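In what follows, a single structure is set out as structure tokens and then discussed.
In this text, all values refer to a predicted model and were calculated from it rather than measured experimentally. In what follows, chains carry the letters A, B, and so on, assigned in the order in which the sequence lines appear, proteins first and then strands, with residues in each chain numbered from 1.
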2 protein chains.
Amino acid sequence: MESATAVAKLNGAKQITCNYCLARKSCLISTLNTNENSELSSLINHEKPMMKGQRLFLQGDNFQSLYLIRSGCFKSCIVDESGERQVTGFHFSTDILGIDGIDSRKYTCEVEALETSSVCSLDFDCFKDSSLKTNQKVYNRLLCAVSCMMFRESHLMMVLGKMKAEQRLAHFLLDISQRMHDRGESAHEFRLSMARYDIANYLGLAVETVSRLFKRLEEQGLIVANRHRVRLMDMDGLHYVIAGGYLDRRVEKPLPLTAAG
Amino acid sequence: MESATAVAKLNGAKQITCNYCLARKSCLISTLNTNENSELSSLINHEKPMMKGQRLFLQGDNFQSLYLIRSGCFKSCIVDESGERQVTGFHFSTDILGIDGIDSRKYTCEVEALETSSVCSLDFDCFKDSSLKTNQKVYNRLLCAVSCMMFRESHLMMVLGKMKAEQRLAHFLLDISQRMHDRGESAHEFRLSMARYDIANYLGLAVETVSRLFKRLEEQGLIVANRHRVRLMDMDGLHYVIAGGYLDRRVEKPLPLTAAG
DNA sequence: CGACAAATTGACCCAGATCAAGGACGGTGG
DNA sequence: CCACCGTCCTTGATCTGGGTCAATTTGTCG
């Protein structure tokens, strides 16, 4: 309910510096920020933490800032006329939010914190002017980030367009795993902050199906899942599932030997 | 088969100028190009026309240029390990191709002409340096174009994730219609250069389903379709279908009047 | 005109949606 | 600390949209 850009306005949290930011090593602008205390750093607003369920901005809000995720987890979704939501992505530390608003000057999706999270905001116009004038490397990094997101999205189309339910979930898990790894966390065990409902919506499946699939992957010995905690036991196996491998293996029930054998 | 960046190298077609380009009015750099004969214009390479089936670049090719579509129609797709293709988009005049390669310096999808088409190429590094130094408006327009593409893609997720087959096709037709309109062509009647197979793949459906759906939409009096030629008869009706409206109306068979009426 | 690819149409069936009940958690208040 | 409640998750039973297989039909191009 807590609307949107409101967050951007209650800036009194300026005491936080980039120096201890966990996302610093792969932040859009951190590298420059540490070396030369450039004028860019004055554009960064360290917002105060957001609670689970709070929205960073709503679809249709006026675009003003880009947001860099410092910690936590967000989901983005678009809402159609009838109010139906489609989850379009999950976002972790160092991801950039709000790029969709650059062209239309309105955010075209809404973003919600899935757990206690924090972001830095970056007034886009100031950022643009400043980075174009004084530090073009930063502007380039933005473009690279975008290019990278497009790569991710096109692969998601493969998932939604061509894969079966079990493959979709396996892909989803490996994708999260990879992103965790990229952030220096364990690729084998992590927390899934999002609800089953969100995963289902994101993958274009019913919640019940997702639930059954978690069970099935577990029966196949590929993962161990308990609510939000997930451990990947057999990454190769998961890759094999995506490639169309054993679609119905049960680990504990090998086929009984028969006389025919 | 005709590989890739090869096209970029056979540049002897420099005699073509932007002045008569059909895509000029909404080209990434045309506006500047006409006013001041900026140094940007020297970076634009008017490639010679491509034949149907020819590839602009392949997945994995080294990234060097962005391409602006002058005329024609392209499809982009990604290829997985097993060689399966997923169509990720269709592209018309003024669209920009190759953005996906900026980050990784490799094109991450392949692009193929669906009919005789032509493009301009733009060496990205030169373009970047030049536009950052002398004309930042252009660089901004690139970012806007990207932002715009992301908007399109997120909506596509809605289509693939939540919609039923008939809704997907209706959405697809209206999307093409809108883009034709944006380019100054008829929104009500146009040519679909892509094969049914490509549409099916793009929408995550079977070819047979697409075929049946074209028929169904025709029976409902919403469109008239003959192979590659399509006329939208009832745009509101199509919107209604997307919203979940009449899922099985037959136009020529109204319910017979009964005594109960 | 013949041959090959694209599109259509029909018949059948299964993955996954939907409907309907529980069960397990997490937060709140006593 | 426990009891209550609402929400999220799981599990089972049933139904159906659309995938798959197979057979024509229609274009298209040499």
Practice task
Can you sort out the partners of Gln178(B) under side-chain hydrogen bond (donor to acceptor under 3.5 Å, both in side chains), two or more places apart, ordered by chain and number?
Solution key: Asp182(B)
Handout entry: Residues which pass side-chain hydrogen bond (donor to acceptor under 3.5 Å, both in side chains) with Ser193(A), listed by chain and number, not counting sequence neighbours
Key = Glu115(A)
Handout entry: pair Lys162(A)-Asn201(B): side-chain heavy atoms closer than 4.5 Å
Key = yes
Handout entry: Side-chain touch Met180(B)/Ser186(B), heavy atoms, less than 4.5 angstrom
Key = no
To the nearest Å, give me how far apart [atom1] ([X]) and [atom2] ([N]) are.
{"X": "Glu115(B)", "N": "dA6(C)", "atom1": "CD", "atom2": "P", "value": "17 Å"}
{"X": "Arg216(A)", "N": "dA15(C)", "atom1": "CZ", "atom2": "P", "value": "8 Å"}
{"X": "Glu218(B)", "N": "dA7(C)", "atom1": "CD", "atom2": "C1'", "value": "13 Å"}
{"X": "Lys164(A)", "N": "dG19(D)", "atom1": "NZ", "atom2": "P", "value": "8 Å"}
{"X": "Leu205(A)", "N": "dT18(C)", "atom1": "CG", "atom2": "C1'", "value": "14 Å"}
{"X": "Leu213(B)", "N": "dT8(C)", "atom1": "CG", "atom2": "C1'", "value": "13 Å"}
{"X": "Arg229(A)", "N": "dC9(D)", "atom1": "CZ", "atom2": "P", "value": "16 Å"}
{"X": "Arg196(B)", "N": "dG18(D)", "atom1": "CZ", "atom2": "P", "value": "18 Å"}

Problem - Nearest listed nucleotide, side chain of Arg227(A), among dG18(D), dC8(D), dG19(D) - result: dC8(D)
Problem - Of the listed nucleotides dG10(C), dG19(D), dC19(C), the one nearest the side chain of Glu208(A) - result: dC19(C)
Problem - Phosphate OP1/OP2 of dA6(C) contacted by His228(B) side-chain N/O (<4.0 Å) - result: no
Exercise for the section: Determine: side-chain N/O of Ser211(B) to OP1/OP2 of dA7(C), distance under 4.0 Å, yes or no. Expected result: no
Practice task
Name the nucleic acid region contacted by Phe214(B), choosing base, sugar-phosphate or nothing; use a 4.0 angstrom heavy-atom cut-off, strictly under.
Solution key: nothing
Practice task
Describe the nucleic acid contact of Ala195(A) in one word from base, sugar-phosphate, nothing, applying a heavy-atom distance below 4.0 Å.
Solution key: sugar-phosphate
Problem - Residue met sooner reading DNA chain C from 5', once Ala165(A) and Arg212(B) are mapped to nucleotides - result: Arg212(B)
Exercise for the section: Take Asp95(A) and Arg179(A), measure what salt bridge (Lys or Arg N to Asp or Glu O under 4.0 Å) needs, and give me the verdict at the end. Expected result: CA-CA 10 Å; Asp95(A) 283 344; Arg179(A) 294 167 71 187; 3.0 Å; yes
Fill in the blank from the handout: Whichever of Thr209(B) and Ala225(A) has the more 5' nearest nucleotide on DNA chain D, that residue is Ala225(A)
